[in-house]
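Chain letters run A, B, ... following the sequence lines, proteins first, then strands; residues in each count from 1. As a basis for the values below, the full set of heavy atoms in this structure was taken, side chains included, without hydrogen atoms, waters or symmetry mates. Keep in mind it's a predicted model, so treat the numbers as computed, not measured.
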There are 2 protein chains.
Amino acid sequence: MFIGEFHHNLDEKGRIAIPSKYREILGDAFVITRGIEHCIYVYPNDTFNHIVTKLESLPFTKKDARAFTRFFMSGATAVELDKQGRVNIPSPLINYANLSKKCVIVGTGDRLEIWDEDAFNEFMSSCNDEMSDIAEGLFEEKI
Amino acid sequence: MFIGEFHHNLDEKGRIAIPSKYREILGDAFVITRGIEHCIYVYPNDTFNHIVTKLESLPFTKKDARAFTRFFMSGATAVELDKQGRVNIPSPLINYANLSKKCVIVGTGDRLEIWDEDAFNEFMSSCNDEMSDIAEGLFEEKI
DNA sequence: TAGACTGTGGGGAAAAGTGGGGGATAAATA
DNA sequence: TATTTATCCCCCACTTTTCCCCACAGTCTA
């Protein structure tokens, strides 16, 4: 399971170090793709394949299904760690997520997310106040 | 069950001693994460896993679910006690909870909470007056 | 009063993250 | 076809952080 928050730098060559704690789970090869809030998702191969299977079961006659599949699949890239534990982020994804030098890598259960630091802080502070309400709404019964 | 209030120091390396009374319940390994009122939650592994199970049942296509999962999981870290009974607090959590040297560790039933001392005092005094009203709203019948 | 336990501080080794050089491969141009 | 240009990896070296251990002081107990 992916948990935690790490602040790493994207270097001039478009590389970023994957926190060592995550490498054991991810293995050497995995998938990165566009995420929903203008961040980048990082999935282990198994998990990615599982999601793809789900997507393929959606009827391609549905407009939304086509759009989401396109969004999700077109951004995807199979990547490998170099010997320093870094990955290359393809430039379309760097642009999509607006990554500058300072990035945040967070674990959210089944995947990692890579955010530009400013964007992440903004997102977090924007939903900080609502978090209490959200929590109340999510669980009807006692946890 | 966690009860009580302890005042401990966060040292320069970001470590804080867990009160010895709590160590028996927590064991050697447990989880700390972002709490809702800008404090830090400390959960035994079992309790944390239970919450995660609940979260995982929520679809990642739901916006609130993504936000809360991100909030909760990204703040989480699996920690272990060192031989002196201390844990390392990751710097993102120190920032989030605004911890300076003086901290308060309180037991709140199923979890511990770690607060900056000033923030804790302020929170307590601010809602002391309302406590009577708050209590009334909680239960309709007799406890 | 001696011993055990708890909380606090700090030193040092090991690991993790960062930046940059250089060679191989592939694409582009003359 | 030959030369140039760009891109991608791999490796090395430096810095920073993390982790583990030891030592000390205060408190409680026997």
Interatomic distance, [X] [atom1] vs [N] [atom2] [rounded to whole Å]:
X      : N       : atom1 : atom2 : result
R86(A) : dC9(D)  : CZ    : P     : 12 Å
D82(B) : dT6(C)  : CG    : P     : 13 Å
E24(B) : dC5(C)  : CD    : P     : 13 Å
R15(B) : dT18(D) : CZ    : P     : 12 Å
E80(A) : dC9(D)  : CD    : P     : 8 Å
K83(A) : dA13(D) : NZ    : C1'   : 17 Å
D11(B) : dC19(D) : CG    : C1'   : 13 Å
E12(B) : dT8(C)  : CD    : P     : 14 Å

Does dC8(D) have OP1 or OP2 under 4.0 Å away from a side-chain N or O of N88(A)?
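No.
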Can you tell me if K101(A) touches the phosphate of dG19(C), counting only side-chain N or O atoms and a distance under 4.0 Å to OP1 or OP2?
yes
May I ask you to test the L99(B)-I16(B) pair for a side-chain heavy-atom distance under 4.5 Å?
no
From dG7(C), dG10(C), dT18(C), pick the nucleotide closest to the side chain of P19(B)?
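So the side chain of P19(B) is nearest to dG7(C).
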So what does [X] touch, heavy atoms closer than 4.0 Å: a base, only the sugar-phosphate, or nothing?
X      : answer
K21(B) : nothing
L81(A) : nothing
L10(B) : nothing
N9(A)  : sugar-phosphate

Got more than 12 heavy atoms from elsewhere within 6.0 Å of CD, E5(B)?
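Above 12, so yes.
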Output for pair (I89(A) CD1, D11(A) CG), nearest 0.5 Å, gives 10.5 Å
Would you call the rings of Y41(B) and Y43(B) parallel, tilted or perpendicular, taking 30° and 60° as the class edges?
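Answer is perpendicular, since the angle exceeds 60°.
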Please work out which of the three classes, parallel, tilted or perpendicular, describes the rings of Y96(A) and F71(A), given edges at 30° and 60°.
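If you compare the ring of F71(A) with that of Y96(A), the planes turn out perpendicular.
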Does the base of dG21(C) carry an N or O that pairs as donor and acceptor with the side chain of K13(A) under 3.5 Å?
yes
